[in-house]
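Notes follow once the structure below has been shown.
Protein chains get the first letters and strands the later ones, always in sequence-line order, with residue 1 at the start of each.
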2 protein chains.
Amino acid sequence: MASIKDVAAEAGVSVATVSRVLNDHPSVSAEARTRVLAAVETLGYRPNAVARSLRTDQTHTLGLVISDVLNPYFTELARSVEEEARALGYSVIIGNADERPDLQDHHVRNLLDRRIDGLLVSPTDGGSPLMLDAARAGTPMVFVDRWIPGVDVPVVRSDGRAAVRDLVAHLHGLGHRRLAIIAGPAATTTGRERVEAFREALGAYGLELPDAYIGQGDFQAESGRRVTEGFLDLPEPPEVVFAADNLMALGALDAVRARGLRVPDDIALAAFDDIRWFVHTDPPITAIAQPTGELGRAAVRALVDRIEGRPGESVTLPARLVVRRSCGEPPASSEPSPVTNRSQS
Amino acid sequence: MASIKDVAAEAGVSVATVSRVLNDHPSVSAEARTRVLAAVETLGYRPNAVARSLRTDQTHTLGLVISDVLNPYFTELARSVEEEARALGYSVIIGNADERPDLQDHHVRNLLDRRIDGLLVSPTDGGSPLMLDAARAGTPMVFVDRWIPGVDVPVVRSDGRAAVRDLVAHLHGLGHRRLAIIAGPAATTTGRERVEAFREALGAYGLELPDAYIGQGDFQAESGRRVTEGFLDLPEPPEVVFAADNLMALGALDAVRARGLRVPDDIALAAFDDIRWFVHTDPPITAIAQPTGELGRAAVRALVDRIEGRPGESVTLPARLVVRRSCGEPPASSEPSPVTNRSQS
DNA sequence: CACGTCGATGTAATCGATTCCACGAGCATC
DNA sequence: GATGCTCGTGGAATCGATTACATCGACGTG
């Protein structure tokens, strides 16, 4: 592969001049510039990003560590992150933690070793020493979706509290009184918060959230199935199951179906995180939708701000309830075809 | 951030010795080794991967350029690729082309600039000059899922021919005679092949595939919707729509629903690429499932073989038909809960 | 005319690793 | 005791870029 020396030789100038042309430094003669560009062309030269990074101590790369690539929510987040990063001149390297703290650490370490300029994390747990050290050491960092309390890092997330209140109002209005939740891992903020928001919303209607109606899941489908089976085995099963993410909702659906029961007649189902397939499931699933694309973009902007020396602020956006038929009677107005409102930018 | 020099100073040895310890070169005294390791520990030193790559001309990184991250098929592929790569000591950088040749080129260029050791591509088009040059220049490369004819690069893919024959047999058995297909872009091999396999399978039953029953899609949901509307507007609409990927099937479902029609009573639907949600859609969708995880793993093995100087061979694995209810009467045997057979490794 | 300024260019140091080569000590062999 | 190994180690070159500093010629000004 041709290096800058080859280009310099071909153009009959020094490497310094070639470098100046490439980084369009002002003081280069038009003559030299054209000769260099011609040489670049004939040799098919491309600057070696590795060498450049070593010298400049910048990789123009962001690391993104997400909890689970197979979850459409994170996949959409990753897409918007990459898009915004590209617009700002950065590349993104994605690490998939699969909800495993050890894998998360593996990726964080790997990304730091590669000297990425900044790190975007949706933490799987309460924060490993590695991540805490990185934050303290001043690595530009931003949390998305989930965060770690007590760490001085901007957080970009959505607040589902109001949407959960709307959901409970909707459920209460349909006559449901025994409401259960499939929670996410207690080590994650979203795992805890969604339960709290749910409990609080129930309280407003004088309803309790008994321990038996809190199932411990891990944001994966299998746990949703297991927890739902437990609910169905209860002497007094809940009338509604609220899954704290879409994959656990899928597992819940599997469990209900395996028993030969039907949604919503035998048991109602709602989920946190809306996905396109929910429109076409049997029945269409009522869900809380986050402004995923906007979250990803805001997170990148906050991170790049930090990298480039600006403050970089936390952002909280509201989620909203999307009513479908999985909790009972159909919504008043029919939903427009989802294909057309896919991108909300 | 501490460098190798700092470690050498702290341990009272030369950088050469530190490097030897780190790469466990045999001739280092036990004494020196422990001193270096202690210094590494106290300084929290981590080797700079950028510098190392510059010197060794190896990044231990694979590039993966996929056509669409939002497509669960590619997401699953990406996951298995990363997993196998990690097991073999490589990292993966994913580039999402969004079915756009220009974006694909952007990512290929970016990855080459970063001097990745090898490239895994699922091409969006017939091959840009950039990609052809890279292949000719000897960049270790492997195609997954889709490929570019006439380029001497191993291909890891699945052959859906037999499964498509099974599908047509199934449809024919249910009494369907007017079968239509939503094709993928003609620039992609999978776009063309699936139509050809379908036509061939129809031929075995003496059925034609008229032009009016071939809709041109682009593997995105919106095109599935558009094409399906066209089919429904035909004086003699098809009895079955076969979507060449899962997103176009989603679009088709949207279109059918928007007309107030029902699957499979009014029109049957089948898809290429199975996803977990198809079990719970209304109705459950009959699909052709690829051994996605195995494809990803095989592709990585082939690529790493090439990188490390071994031949690196093409692999073709069979796809299989999964019958559900979207084409008519339910399958004879009920499907086991899909949660449990998620991983097929 | 002498001098300062400015623009264009080249030389060389530098980033943080790896690795070739040389060197000295210790030890076995003849 | 000289010779030749092996082993452990350090010095220095190297990878491919960027950039501070020096140089040199042309040009404007007093």
Pairing of A:R297 and A:E82 as salt bridge, 4.0 angstrom limit
no

Check this one for me: any side-chain N or O of B:R55 less than 4.0 Å away from OP1 or OP2 of C:dG16?
no

Check each residue of residues 13-41 of chain B for a non-hydrogen atom within less than 4.0 Å of any atom in DNA chain D, then write out the ones that pass by number, or none.
B:V13, B:S14, B:A16, B:T17, B:R20, B:S27, B:V28, B:S29, B:A32

note: A:I4, atom CD1; D:dC15, atom P; distance rounded to Å ~ 14 Å

Does atom CD of B:E308 have more than 12 heavy-atom neighbours, drawn from other residues, nucleotides or ligands, at distances under 6.0 Å?
yes

Here the distance between atom C1' of D:dA17 and atom CE of A:M1, to the nearest Å, is 15 Å

Taking only Lys NZ, Arg NE, NH1 and NH2, and the carboxylate oxygens of Asp or Glu, determine whether B:R79 and A:D98 approach each other closer than 4.0 Å.
yes

Whole angstroms only, please: what is the CG-P distance between B:N48 and C:dA17?
5 Å

Starting at CZ of B:R115 and ending at P of D:dG16, how long is that distance when rounded to a whole Å?
9 Å

How about CD on A:E313, more than 12 heavy atoms from neighbouring residues, nucleotides or ligands closer than 6.0 Å, or not?
no

Rounded interatomic separation in angstrom, taking CG from B:L43 and C1' from C:dG16
15 Å

A:D57 CG to D:dG16 C1', in whole Å, measures 16 Å

In terms of side-chain geometry, is the basic nitrogen of A:D145 or A:R157 positioned less than 4.0 Å from the acidic oxygen of its partner?
no

To the nearest Å, how far apart are A:L54 CG and C:dA13 C1'?
13 Å

Rounded to whole Å, please give me the gap between CZ in B:R52 and C1' in C:dT19.
13 Å

Ion pair present between A:D102 and A:R100, side-chain N to carboxylate O less than 4.0 angstrom?
yes

